[in-house]
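The next block holds one structure in the form of structure tokens; read it before the comments.
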Amino acid sequence: MTPMTTLTEHLKTQKTPESLIGLISNITATCHDIAKLLHHGPMNDILGLAGAENVQGEDQKKLDVISNDMLKESLAGSGLVRGIASEEEENCVGCSDVGEYLVLFDPLDGSSNIDINSLVGTIFSVYRADENGRVEDRNFLRPGHEQVAAGYVLYGPSVILTLTTGHGTQMYMLDQNKGIFMLYNAKVQIPKATKEFAINASNQRHWAKPMQNYIADLLAGETGPRQKNFNMRWVAAMVGDVHRILCRGGIFTYPWDKKDPNKAGKLRLMYEANPMGFLVEQAGGKAFTDTMRILDIEPEHIHQRVPVILGSADEVDICIGYHTA
Ligand code: AFP
């Protein structure tokens with residue numbers, strides 16, 4: 001049997017700097033600890049609400065808070081990180097004044113799934129720190145195309161790490177006994193065409209006209225203008241929907257809607273759209289708002305929200321076509 005390649009070994013073949021390998025190992029080791037907590041969920045008294053709201057005005061689950069603290073502590077103690085920004089923290093948190101990296105994360109994406117034992121994940125995004133000294137929020141406001149690494153750990157029937165350092169997208173599976181991530185897909189490739197879409201259809205009446213028209217044409221199936229039948233999936237955790245798309249193609253969208261016209265979308269640019277956009281592009285897919293490439297957005301705020309349309313390249317082009325017509 002061919003020996004399997006570990007995460008560290010594979011990163012070395014990509015000539016990844018030692019410090020970045022150390023940082024990724026730090027993040028994935030913490031995710032392994034989060035996976036162990038999730039595994040014993042109901043026995044650990046970690047389910048349910050924490051009794052507070054995060055900066056986005058959303059109810060925090062106990063596990064949102066616990067996993068945020070675990071990542072914050074391990075990254076701060078690594079000596080590799082200048083500062084972190086998290087979906088669960090109001091402002092960035094300074095770590096080491098000489099750390100080489102800035103790390104942004106959503107510690108537990110899809111946390112409404114925790115209590116029903118369904119998919120959740122940790123999403124992270126890494127930039128090189130540019131200035132010495134203390135960090136402020138403004139140091140994090142850089143476009144997604146400057147990320148040096150991005151990934152997620154999906155806590156499902158298997159614990160999966162999907163990672164890019166700009167050399168394609170790879171998938172690794174956690175060997176629970178050894179606590180090591182093993183490479184199993186060295187070149188993730190999203191099919192260009194698809195017959196599957198993901199959208200929270202309960203918001204349909206709130207969508208803008210172009211999204212209404214696009215989804216109506218998908219639903220019309222083979223008798224409509226697309227002349228083929230589409231299937232729909234919705235995990236309610238972006239990490240689960242994006243994982244499916246990386247495995248077998250599809251289009252995922254969380255569009256702007258009129259429900260809360262002051263919000264540009266539901267998903268966060270820095271913790272969700274940028275890292276997922278990097279992974280999807282590195283796997284041959286596309287990631288757009290309704291008008292532009294996500295990775296080219298100049299962020300204005302660390303908690304900024306954006307509309308998201310990502311997945312199979314041809315299908316994203318078609319969807320964007322409805323918005324630019
Ligand atoms: P939480 O992390 O607060 O559960 O939000 C998850 C999420 O931001 C994203 O992962 C999902 O795609 C989306 O929300 C689900 O939203 P709906 O509640 O509209 O299904």
Side-chain angles (χ1 to χ4, degrees), residues 31 34 38 41 46-71 85-90 104-125 150-156 160 162 196-208 211 215 232-246 250-261 263-277 279-280 287-289 294 302-311:
C31 290
I34 295 171
L38 286 165
I46 52 170
L47 305 188
L49 294 175
E53 282 186 352
N54 66 11
V55 60
Q56 336 253 355
E58 298 156 338
D59 286 330
Q60 284 181 309
K61 300 272 181 185
K62 284 185 198 167
L63 263 168
D64 283 326
V65 177
I66 296 169
S67 47
N68 184 62
D69 289 348
M70 287 167 76
L71 281 161
S86 161
E87 188 183 304
E88 303 300 335
E89 302 276 343
E90 186 156 1
L104 302 100
F105 53 84
D106 178 353
L108 215 54
D109 178 60
S111 53
S112 65
N113 279 350
I114 295 169
D115 295 345
I116 57 164
N117 197 30
S118 193
L119 288 180
V120 289
T122 298
I123 309 173
F124 58 92
S125 161
Y152 62 78
V153 173
L154 179 70
Y155 310 106
I160 304 289
T162 303
E196 205 160 62
F197 68 99
I199 191 165
N200 183 344
S202 69
N203 293 324
Q204 187 254 343
R205 68 192 183 284
H206 303 297
W207 300 332
M211 190 54 80
I215 298 293
M232 199 195 86
R233 288 284 182 272
W234 187 248
V235 176
M238 184 192 199
V239 70
D241 283 309
V242 170
H243 188 69
R244 184 187 61 255
I245 286 170
L246 287 163
I251 184 166
F252 167 92
T253 172
Y254 213 115
W256 171 88
D257 66 42
K258 293 196 290 273
K259 206 165 46 172
D260 191 345
K263 286 186 187 162
K266 174 169 184 184
L267 302 180
R268 296 75 170 177
L269 173 62
M270 311 293 291
Y271 317 112
E272 291 166 324
N274 267 342
M276 293 310 202
L279 288 166
V280 163
F288 275 68
T289 67
I294 284 172
I302 57 169
H303 296 301
Q304 184 172 341
R305 296 173 192 258
V306 288
V308 171
I309 300 168
L310 61 74

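Atoms within a ligand are numbered from 1 in the order they appear, just like the ligands themselves. Scope of the values below: all heavy atoms of this structure, side chains included, with no hydrogens, waters or symmetry mates.
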Should the heavy atoms of other residues, nucleotides or ligands under 6.0 Å from CG of Asn117 be counted, would the total exceed 12? no

Quick one: closest heavy-atom pair of Leu38 and Val120, and the distance? CD1-CG2, 3.9 Å

Where on Arg268 is there a heavy atom closer than 4.0 Å to ligand 1, on the side chain, on the backbone, on both, or on neither? side chain

Find all atoms of ligand 1 within a distance of less than 4.0 Å from any non-hydrogen atom belonging to Leu267, and give their numbers and elements. 8 (O), 9 (C)

Within a distance under 4.0 Å of any heavy atom of Tyr254, pick out the atoms of ligand 1 and give their elements. 16 (O), 17 (P), 19 (O)

For ligand 1, which is the ligand I care about here, please tell me if Met238 has any N or O atom under 3.5 Å from one of the ligand's N or O atoms. yes

Enumerated ligand 1 atoms positioned under 4.0 Å from heavy atoms of Asn200: 17 (P), 19 (O), 20 (O)

Which bit of Val235 gets closer than 4.0 Å to ligand 1, counting heavy atoms only: side chain, backbone, both or neither? neither

Residues in side chain to side chain donor-acceptor pair (under 3.5 Å) contact with Glu196, at least two apart in sequence or another chain: Arg248

Do the rings of Tyr152 and His243 sit parallel, tilted or perpendicular, given the 30° and 60° boundaries? perpendicular

Nitrogen or oxygen atoms of Asp241 and ligand 1 under 3.5 Å apart: no

With heavy-atom distances below 4.0 Å as the criterion, list the atoms of ligand 1 near Ser112. 4 (O)

Ser111 and Asp64 side chains, donor-acceptor separation under 3.5 Å: yes

Ligand 1 and Glu87, any nitrogen or oxygen pair closer than 3.5 angstrom? no

Please find the pair of heavy atoms, one from Leu246 and one from Thr162, that lie closest to each other, and give the distance. CD1-CG2, 3.9 Å

Which residue in the set His303, Gln304, Glu87 passes side chain to side chain donor-acceptor pair (under 3.5 Å) when paired with Tyr271? His303

For a side chain to side chain contact (heavy atoms under 4.5 Å, CB included) check, start with the C-alpha distance between Leu267 and Met276, then their side-chain angles and the critical distance, and finish with the verdict. CA-CA 11 Å; Leu267 302 180; Met276 293 310 202; over 6 Å; no

Would Ala237 count as a polar contact of ligand 1, with the cut-off being nitrogen or oxygen pairs under 3.5 Å? no

Interfacing atoms of ligand 1 (cut-off 4.0 Å, heavy-atom, Glu272): 8 (O)

Should Asp106 be counted as touching ligand 1, given the test is an N or O pair under 3.5 Å? no

Go through the structure and list residues passing salt bridge (charged side-chain N to carboxylate O under 4.0 Å, His left out) with Asp241, not counting sequence neighbours. Arg244

N or O contact, Asn203 vs ligand 1, cut-off under 3.5 Å: no

